[in-house]
Amino acid sequence: TDTRLAARLLRALATPGVVAAVPYVEQQSMLARAGRTAGATVRGIDPAEERRAVGIAAHIQGGRVEDLVAGSYRIVLGDALAEALGAGIGSDVVVVAPQGTATPAGVVPRMRRFRVVGLFHSGMYEFDRGLALVALGDAARLYRTGDRVTGLRLALEEPFAAPRVVHGLAVALGGGLAISDWARNHATFFRALEMTKSMMFVLLLLVVAVAAFKF
């Protein structure tokens with residue numbers, strides 16, 4: 001409810017190290033255009049809050065996050081996702097919600113046409129290929145979430161403190177919440193980095209050993 005969300009927002013903002021707490025509605029959906037389809041996460045955001053959280057808003061090209069006005073049914077795509085759909089600024093894409101609407105003829109997919117008003121390039125292919133942004137109100141109507149949101153995204157002063165901060169906040173809010181952070185979401189990537197660092201260390205030791213042996 002609005003009251004519970006407001007209380008959680010205040011508690012999150014009161015947590016040391018948290019500089020912004022942004023509500024969002026998020027759902028896996030199918031995007032389609034001109035015979036092309038692609039699965040992606042569609043995230044409903046509040047443009048003003050998204051800008052304050054210093055997120056993807058700073059990487060939008062050809063438009064601004066403020067163009068996502070509720071009721072206008074506009075969308076911002078990752079540039080790799082736009083390429084997969086053959087879409088550009090000014091194109092229309094159809095967003096198909098995973099939930100359908102029951103009719104006498106059966107279950108009919110819920111879908112809505114959105115106008116592309118911007119592209120973003122975050123530098124991480126996972127986001128650029130798999131994320132689209134729409135207005136929070138438009139996402140709530142499409143996915144029929146009412147006044148409920150999927151969760152809160154936090155912006156922190158110290159990114160490496162994310163695991164500790166989100167765990168502490170979840171406990172303070174009474175538990176029963178699903179939590180995640182950037183390190184956990186990209187665990188495979190960081191394991192690959194650690195493995196690369198270890199291999200480089202071993203190779204450097206071998207080079208030093210060979211050089212010492214020659215002398």
Side-chain angles (χ1 to χ4, degrees), residues 1-29 40-60 63-70 75-78 98 118 120-194 197:
T1 64
D2 288 340
T3 303
R4 180 177 296 181
L5 174 60
R8 288 178 172 175
L9 274 170
L10 290 174
R11 184 66 185 84
L13 291 171
T15 302
V18 174
V19 296
V22 182
Y24 66 92
V25 170
E26 189 173 272
Q27 185 67 266
Q28 293 290 325
S29 302
T41 298
V42 176
R43 180 182 295 165
I45 62 169
D46 181 310
E49 294 292 335
E50 187 70 20
R51 175 75 69 181
R52 193 165 59 87
V54 195
I56 292 175
H59 302 283
I60 294 176
R64 304 180 307 146
V65 71
E66 288 79 11
D67 295 331
L68 300 178
V69 179
I75 193 169
V76 173
L77 304 176
F120 68 82
H121 179 74
S122 68
M124 292 193 68
Y125 184 77
E126 178 183 350
F127 291 127
D128 297 338
R129 175 59 178 80
L131 181 63
L133 305 177
V134 301
L136 186 64
D138 291 347
R141 280 188 287 272
L142 177 63
Y143 301 122
R144 297 186 178 178
T145 59
D147 60 358
R148 293 176 291 107
V149 298
T150 303
L152 297 175
R153 291 173 54 233
L154 306 180
L156 307 180
E157 291 178 355
E158 177 49 63
F160 290 101
R164 173 180 55 80
V165 172
V166 297
H167 180 268
L169 180 57
V171 172
L173 290 174
L177 301 172
I179 63 172
S180 189
D181 59 79
W182 64 272
R184 184 179 304 179
N185 291 341
H186 304 290
T188 302
F189 174 72
F190 288 106
R191 280 197 297 268
L193 284 181
E194 288 295 327
K197 288 172 60 179

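Note that this is a predicted model, so its numbers are computed, not measured.
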Which pair of non-hydrogen atoms, one from [X] and one from [Y], has the smallest distance, and what is that distance?
{"X": "A132", "Y": "I75", "value": "CB-CD1, 3.8 Å"}
{"X": "V69", "Y": "E66", "value": "CG2-O, 3.7 Å"}
{"X": "V149", "Y": "P23", "value": "CG1-CB, 4.2 Å"}
{"X": "V22", "Y": "E49", "value": "CG2-O, 3.6 Å"}
{"X": "I56", "Y": "L133", "value": "CG2-CD1, 4.2 Å"}
{"X": "V76", "Y": "L68", "value": "CG2-CD2, 3.9 Å"}

Using a 4.5 Å cut-off on heavy atoms from C-beta on, say whether the side chain of [Y] contacts that of [X].
{"X": "L131", "Y": "F120", "result": "yes"}
{"X": "R153", "Y": "R43", "result": "yes"}
{"X": "P98", "Y": "Q28", "result": "no"}
{"X": "T150", "Y": "V25", "result": "yes"}

Can you list the steps and then say if V19 with L156 is a side chain to side chain contact (heavy atoms under 4.5 Å, CB included)? CA-CA 5 Å; V19 296; L156 307 180; 5.9 Å; no
Within this structure, what is the [atom1]-[atom2] distance for the pair [X] and [Y], rounded to the nearest 0.5 Å?
{"X": "H59", "Y": "M124", "atom1": "NE2", "atom2": "CE", "answer": "11.5 Å"}
{"X": "I60", "Y": "E50", "atom1": "CD1", "atom2": "CD", "answer": "8.0 Å"}
{"X": "D46", "Y": "Y24", "atom1": "CG", "atom2": "OH", "answer": "15.0 Å"}

